[in-house]
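Small disclaimer: the values here were computed from a predicted structure and weren't measured.
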Amino acid sequence: QVQLVESGGGLVQAGGSLRLSCAASGRSFSGYDMGWFRQAPGKEREFVVAISWSYGNTYYADSVKGRFTISRDSYKNTVYLQMNSLKPEDTAVYYCAARYGPRYGGRFSGRDFEYDYWGQGTPVTVSS
């Protein structure tokens, strides 16, 4: 049974940093793309960033480029999201997700329906 478990969310002041973790289990994620999405209150879920588990290439939403960094630790089966220079508009529940990359020819996208597995989410609140 595939499980994605996020952690690391919390309350932080604007300009601060947080690191989210996504512990993945239940299968080999070789060939999978791991993504982070977020959903703010009253808004639709939006794509944040994705990484190829096997190759490490990444794809960022414009809104977080230069501030957020995704990485993965294959030994720990964990994906990280380092978030710096946080803004109040980054406030949201952050979700980890996984999709099988070869199904899409290795082409990244922010389409959430392409992702097969989802975590339960971890809340991030950025105060001004």
Residue set satisfying side-chain hydrogen bond (donor to acceptor under 3.5 Å, both in side chains) with S109, at least two apart, ordered chain then number -> E114
Residues which pass side chain to side chain contact (heavy atoms under 4.5 Å, CB included) with R103, listed by chain and number, not counting sequence neighbours: Y100, D116
Taking only residues two or more places apart in sequence, or in another chain, which ones meet K43 in a salt bridge (Lys or Arg N to Asp or Glu O under 4.0 Å)? none
Hey, what's the ring geometry for W118 with F37, parallel, tilted or perpendicular (30° and 60° as the breaks)? tilted
Using modelled atom types only, decide if a donor and an acceptor are shared between the side chain of T69 and the backbone of Q82 within a distance under 3.5 Å. no
Could you tell me which residues satisfy side-chain hydrogen bond (donor to acceptor under 3.5 Å, both in side chains) with D62, sequence neighbours excluded, listed by chain and number? K65
List for me each residue that meets side chain to side chain contact (heavy atoms under 4.5 Å, CB included) alongside V12, sequence neighbours excluded, and say none if there are none. L18, L86, V126
Any residue meeting side chain to side chain contact (heavy atoms under 4.5 Å, CB included) with S74, in chain and number order, not counting sequence neighbours: W53, R72
Would you indicate whether the side-chain heavy atoms of R99 and M34 approach each other to under 4.5 Å? no
Pairing residues for Y59 by the side chain to side chain contact (heavy atoms under 4.5 Å, CB included) criterion, not counting sequence neighbours: F47, F108
Could you pull out all residues at least two apart from D112 that satisfy salt bridge (Lys or Arg N to Asp or Glu O under 4.0 Å)? R45
Salt bridge (Lys or Arg N to Asp or Glu O under 4.0 Å) contacts in which one or both residues fall within residues 118-128, not counting sequence neighbours: none
Side chain proximity check, I70 to Y80, heavy atoms < 4.5 angstrom: no
Who are the salt bridge (Lys or Arg N to Asp or Glu O under 4.0 Å) partners of E89, not counting sequence neighbours? none
Which pairs pass side chain to side chain donor-acceptor pair (under 3.5 Å) with one or both residues in residues 12-25, sequence neighbours excluded? S17-N84
Any donor and acceptor pair, going by atom type alone, linking the side chain of E6 with main-chain N or O of G121 inside 3.5 Å? yes
In the structure I gave you, are the side-chain heavy atoms of S52 and N57 within less than 4.5 Å of one another anywhere? yes
Can you list the residues that meet the side-chain hydrogen bond (donor to acceptor under 3.5 Å, both in side chains) rule with Y94, with sequence neighbours excluded? R38
Does G9 offer a backbone N or O that forms a donor-acceptor pair with the side chain of T122 under 3.5 Å? yes
Is there side-chain contact between V124 and M83, with heavy atoms separated by less than 4.5 Å? yes
